[in-house]
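Just so it is clear, the model here is predicted, and its values are computed rather than measured. Residue indices begin at 1 and follow the sequence shown.
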Amino acid sequence: MPFGGGNKCGCCQKTVYFAEEVQCEGKSWHKSCFLCMVCRKNLDSTTVAVHVDEIYCKSCYGKKYGPKGYGFGSGAGTLSMDTGEALGIKPEVQAPHRPTNNPNTSQFAQKPGGPDVCPRCGRTVYAAEKVIGGGNSWHKACFRCANCGKGLESTTLADRDGEIYCKGCYAKNFGPKGFGFGQGAGALAHSQ
């Protein structure tokens, strides 16, 4: 115990007396100083995460030091639009949508016996990132509507000439046209 009556607080460096002491990682803290370094939320032994000499709540620690990228989330926070800019994290800029430039319009165009190639970007598709739709293997990031860029699933997919579309864009571009189509209730009304 240092000279001066007690241990020094890990935050304010003032003396911590027994009645107000919280210990973590061999250091002493005032109860009022035992706060997340980012959001200033009160911490306890179940919510604290330590990085070097800094303490965080588990949420802020995960945003600052946890894994980044698709598929890493924690509970309801996975739907958050927080990019972590307050923590000094620079948001990733997504590459712009590029339509397929595949000259072979066959929906079953593939190199026989070779690796799967994504028709959108032309790069190899490995099993961990493979999505199959429209007779081709796609990267998860490339599995988007060729018209609007909306992410697709097997239930929202329509394909034509080796390209994939959301059902809305497919209907607009390739659906029936003319009088009586797409005008709401009674759109197929017949007039003579």
**Prompt:** At what distance, to the nearest 0.5 angstrom, does CZ of R120 lie from CH2 of W138?
**Reply:** 5.0 Å
**Request:** Mind listing the closest non-hydrogen atom pair of I164 and G133 along with its distance?
**Result:** CG2-O, 4.4 Å
**Prompt:** If you round to the nearest 0.5 Å, how far is NZ of K150 from NZ of K167?
**Reply:** 10.5 Å
**Fill in**
Nearest heavy-atom approach of G162 to N136 is O-ND2, 4.0 Å
**Message:** Does F174 have more than 12 heavy atoms from other residues, nucleotides or ligands lying within 6.0 Å of its CZ?
**Reply:** yes
**Request:** Examine the side chains of Y56 and E54 and answer whether a donor and an acceptor come within less than 3.5 Å of each other.
**Result:** yes
**Fill in**
What one should report as the nearest heavy-atom pair of R144 and L152 is C-CD1, 3.6 Å
**Request:** Check the surroundings of atom CD in Q13: do more than 12 heavy atoms from other residues, nucleotides or ligands lie under 6.0 Å from it?
**Result:** yes
**Prompt:** So, are K27 and E21 salt-bridged, with charged N and O less than 4.0 Å apart?
**Reply:** no
**Request:** Hey, could you give me the SG/NZ distance between C9 and K14, rounded to the nearest 0.5 Å?
**Result:** 9.5 Å
**Request:** Mind checking side-chain contact (heavy atoms from CB on, under 4.5 Å) for L43 and listing every partner two or more places apart, or none if nothing turns up?
**Result:** F34, C36, T47, V48, I55, C57
**Message:** How long is the straight-line distance from CG of N147 back to OH of Y170, given to the nearest 0.5 Å?
**Reply:** 13.0 Å
**Asked** Just wondering, do N7 and T15 contact through their side chains at under 4.5 Å, heavy atoms?
**Response** no
**Message:** Tell me whether H139 contacts the main-chain N or O of T124 through its side chain, where contact means a donor paired with an acceptor under 3.5 Å.
**Reply:** yes
**Request:** Give a yes or no on whether V50 and V38 share a hydrophobic cluster (residues Ile, Leu, Val, Met, Phe, Trp, Tyr; joining criterion: side-chain heavy atoms under 4.5 Å apart).
**Result:** yes
**Asked** Closest approach of A128 and K140, non-hydrogen atoms and distance?
**Response** O-NZ, 3.6 Å
**Message:** So, taking the atom named CG in D53 and the one named CD in E25, what distance separates them when rounded to the nearest 0.5 Å?
**Reply:** 9.5 Å
**Asked** Between NE2 of H51 and CE of M37, what distance do you get to the nearest 0.5 Å?
**Response** 11.0 Å
**Fill in**
All heavy atoms of V117 vs all of V125, minimum pair found to be C-CG2, 4.0 Å
